[in-house]
Amino acid sequence: MFHGAIPSNLSNCTYLRILSLAYNDFSGAIPREIGNLTKLKGLYLGANRLQGEIPREFGNLAVLELMSLAGNNLQEKIPPEIGNLRNLEELNLGDNKLVGTIPTAIFNVSKLKALKLYSNSLLGSLSSIPDFRLPNLEVLLLWGNNVSGTIPCFIFNASKLSKLDLENNSFSGFIPNTLGNLRNLERLNLGDNYLTSSTPELSFLSSLSNFKSLTHIVLSNNPLDGILPKTFFSNLSYSLEEIQMHNCNISGGVPKEIGNLTNLTTIILGGNKLNGSIPITLEKLQNLQYLGLKDNKLQGSIPDSIYRLTELYELEFGGNKLSGSIPACFSNLASLRILSLDSNELTSIPLTFWNLKDILQLNLSSNFFTGPLPLEIGNLKVLVGIDFSMNDFSGVIPTEIGGLKNLEYLFLGYNRLQGSIPDSFGDLISLKFLNLSNNNLSGPIPASLEKLSYLENLNLSFNKLEGEIPRGGSFRKFSAESFEGNELLCGSPNLQVPPCKTSIHRTSRKNALILGIVLPLSTIFMTAIILLIIKYRKREKRPPNYPNMPPIATWRRFSYLELCQATDKFSENNLIGRGGFGSVYKARIRDGMEVAVKVFNLQCGRAFKSFDVECEMMRNDNMVAHLSDFGIAKLLTGEDQSMTQTQTLATIGYMAPEYGREGRVSTNGDVYSFGIMLMETFTGKKLTDEIFNGEMTLKDWVNDCLPISTMEVVDANLLSQEDIHFVAKEQCVSFVFNLALECTMESPEQRINAKEIVAKLLKIRDSLLRNVGGIYRDLTSVLVTDRDLIGVVVTDRD
C-alpha cells in the first residue's frame, strides 16, 4: 500500500491512458498537473485520504471516459469544468465532503451512463435545470445530500435508467406518474424526503405496474398520506424482492394481494396507520426473510400460517393491538433470529415457543403475559437480548437464565417477580445492561454480579432488596439511581443509603435455639395484639353517615392490566349496564373480591361532567378523596339518588361563566368544570374556603400565584421540596395546573376540548414515568388511557 502525496511528475507520462491509484493511503491535494494528461481515459483515485478541491484542470481531459474520486476527504465545490468532458461515461464523486450546488453542465453530458454524487453535503434545487436528455443514463445516485425542490423532469426522460437513489435529501412535492416512463427500472429509492402523492390512492404506485425488472422499492419516511392500492400488489412484477414504506402515514388494511409477490424477501410497512388483521396470504411468501409491520393498528390474532415462512429471519409485530396467544407453531421458524412482539395485548406463550434455540433477540415487553417465567428459557443458549418488561410475570427468576453466556441485555422490570436475584447471574459474562426494577425482589444483591466486567447499566430500583451493596467490579461506577427504592439496602454514602452495621457471620447454637423458639412465639403474640387493636379501632372510628352518600367502602387502587383481566377484557358477558356516560362491568379480582368498574365514554361531551359529579359525591368535608363512581355506588347500594340532586351537585361551584350568564349548556362547560376539579384536587382547597370571598375565586388564586411558584398553590401534602425527584414532580404538577387554566378560560371557544385534555394528561403521565421511574407506574390505573376514564368502586361486604 502506497502512502504520502501523489507525485506531480506523473504529468510527464503524456501517453498515459489509465491512472489507477485507488485503495491506497495517499494523502494531501490532488496534483493539478494530472489535468495535462490529455490522453487519459480512466482516472481512479478512490479510497484514499486525499483532501482539498477537485482541480479545475480536470476539465482538460477531453477523452476521459471514467473518473472515480470516491471515498476521500475532498472539499469545496464541484468545478463546472467537469461538464466539458463530453466523452465521460461514469463520474463517481461519492463519499466525500463536497459542498455547494451540482453544476448544471454535468446533466448535459449525453454519453453519461452513471452519475454518483452520494454522501456529500451538496444542496440547492434541481427543479430549474433545463429538460436535458440523458438517453444513456443507467445509474443516478444522489442519496445522502441536502438537494431540495421537486424531482427534476429530466430524470423521468432517462428511459434506460435502472438504478435511481435520491434517499435522504430534501426533495418535496408530488411523486409524478411519469415515474412509469422508467420501464427499465430495477431499484427505486426515494426514502427520507418530503415527497407526497397527488391522490389518496397513491396513483404513482400504479404507474409501476408490470415493471418486469423492478426488484427494490424504498419510499420510507415520506408523508405519502394515502391508502395502499390493491392493484399495486396485483400487477407488480413477480421479480420484486423488497418493499419499504415505513413511516409514510399510510392507512387502510394490508392488501391480501401482497401474497402474489412470491419473490419478496423484505416487507417493511411499520410506523403507519394500517388496520385490520394480518392477511393469511403472507404464507405464500416462502422467500420472505424480514417482515416488519410494527407500530400500526393491526388487530386480531397472529395467524398460524406464519409458520410456513421458513426463511424468516426477523419478525416485527410490535406496537399494534394483536391479542391472544403466540402461535404454538412459531417453533417451526428455524431461521428466526429477531422477534419483536412488544406493546400488544398478547396473553400467553406456548411451551413450544422455547424451542426457538437459535433466536438472538426476543422482545415481548408491554403485553399481558402472566405467570412464572418458564425454566425452558434456559434452552435459548445463543440469546443476546431479552426484554420481558412491563408484563405481569410473577414467581421467582429462573436460575437457568444464568446459563445464557451470550446475553448482553436483560430487561425484566415492571413485573411482579419475587424471591432473590439468582447467584447464577454472575455467570452472564457478556451482560452489558440489566434491569430488574419495579418488582418484588428481596434478599441481598449477589456478590457474584461483581464478576460482570462488561456491565454498563444496572437498575435494581424499587424492589425489596436488603443488605450491603457490592463494592467491587462494575459496582464502583453505578450511582444511587441503580438502587433507589430499596429501603433495606446499605453501603457507601454516595449511593444515598445508610452505612451497614457490623454483621455477625456466626451464631451460636444457643442463640439459634432462642431465635427459633422465641421469635415465632413473639410474632404470634404481637399479631394477636395488633388484630385486637384494629378491631377496637374499627368500632371506635366508624365514619359518619351522610344522608346523601352511600356507605363508604374500602378503597383500593388497581392497575389497568388488573381491571382488564378481572373483566375478561371488558367482556360483554360481564356488562352490568350501559348509560349515557359509559358502561359498568362486573369484575372479579384475583383474591376473589367482586368489584364494579365503570368505563367513561369520552366521545360523550358530558362524560367529564358526570365524572366530576361522581367524584364529588365521594369526597367528604375534609377534602379526603374516595375515588369511586356515584352511578356505580347507587347501583351497589340501591339508594335512590335523584337526577335533580345529581345536577345540582354538578353545578355548585363548577358552573361555567356562560351558564351563569346565559343558561347555555355545552361540552365547553363540562371542560370548565373539569378544570375546577383539577384545581381542587391539586391545591387541596375547596371552593368554599374562607380565602375565596368577594372577587377572589379558586381559579383567580391559582392564576395569580402559579407564575410566582408552583409551590405557592400545590397541596403541601402532595408535594414537598424534600421529596425524591422533586424537580420532576414539580414540573408535572405545573403542567397539570396549566392544563386546568386552559380548561377554565373565560371564553368557551378558547378552552381545549376533551380529546386534547386526554392527550395532555397522557403526555404529563409519560413525562413523569420517564423522569421518576416505576414508583408512579400505578398512576396509569387512576385517570387516563387513550380512550377511557376509569372509575372503580370496591365494596367491603364484611
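Only heavy atoms go into these numbers, but all of them, side chains included; no hydrogens, no water, no symmetry mates.
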*Can you name the side chain to side chain donor-acceptor pair (under 3.5 Å) partners of Asp25, sequence neighbours left out?*
Arg49

*Residues two or more places apart in sequence or in another chain: which of them pass side chain to side chain donor-acceptor pair (under 3.5 Å) with Tyr290?*
Glu316

_Sequence-distant partners of Lys256, side chain to side chain donor-acceptor pair (under 3.5 Å), two or more places apart_ = none

*Is any side-chain heavy atom of Leu315 closer than 4.5 Å to a side-chain heavy atom of Leu336?*
yes

*Between the main-chain N or O of Leu190 and the side-chain N or O of Asn222, is there a donor-acceptor pair closer than 3.5 Å?*
yes

*Please identify each residue that fulfils side chain to side chain donor-acceptor pair (under 3.5 Å) with Arg183, with sequence neighbours left out.*
none

*Side chains of Asn287 and Thr265: donor-acceptor distance under 3.5 Å anywhere?*
no

*Hey, is Arg56 close enough to Glu81 for a salt bridge, meaning N to O under 4.0 Å?*
yes

*Backbone N or O of Met1 within a donor-acceptor pair of the Asn24 side chain at under 3.5 Å?*
no

*For Glu201, what residues pass the salt bridge (charged side-chain N to carboxylate O under 4.0 Å, His left out) criterion, not counting sequence neighbours?*
none

_Presence of salt bridge, Glu65 and Lys111, under 4.0 angstrom_ = no

_When you measure from the side chain of Asn260 to the backbone of Ile258, do you find a donor-acceptor pair of N or O atoms at a distance under 3.5 Å?_
no

*asked:* Taking Glu90 first and then Lys116, would you say they form a salt bridge - that is, a charged N and a carboxylate O separated by under 4.0 Å?
replied: yes

_Partner set under salt bridge (charged side-chain N to carboxylate O under 4.0 Å, His left out) for Arg133, not counting sequence neighbours_ = none

_Is it the case that atom NZ in Lys39 sees more than 12 heavy atoms from other parts of the structure closer than 6.0 Å?_
no

*How are the rings of Phe154 and Phe107 set to each other: parallel, tilted or perpendicular (split at 30° and 60°)?*
tilted

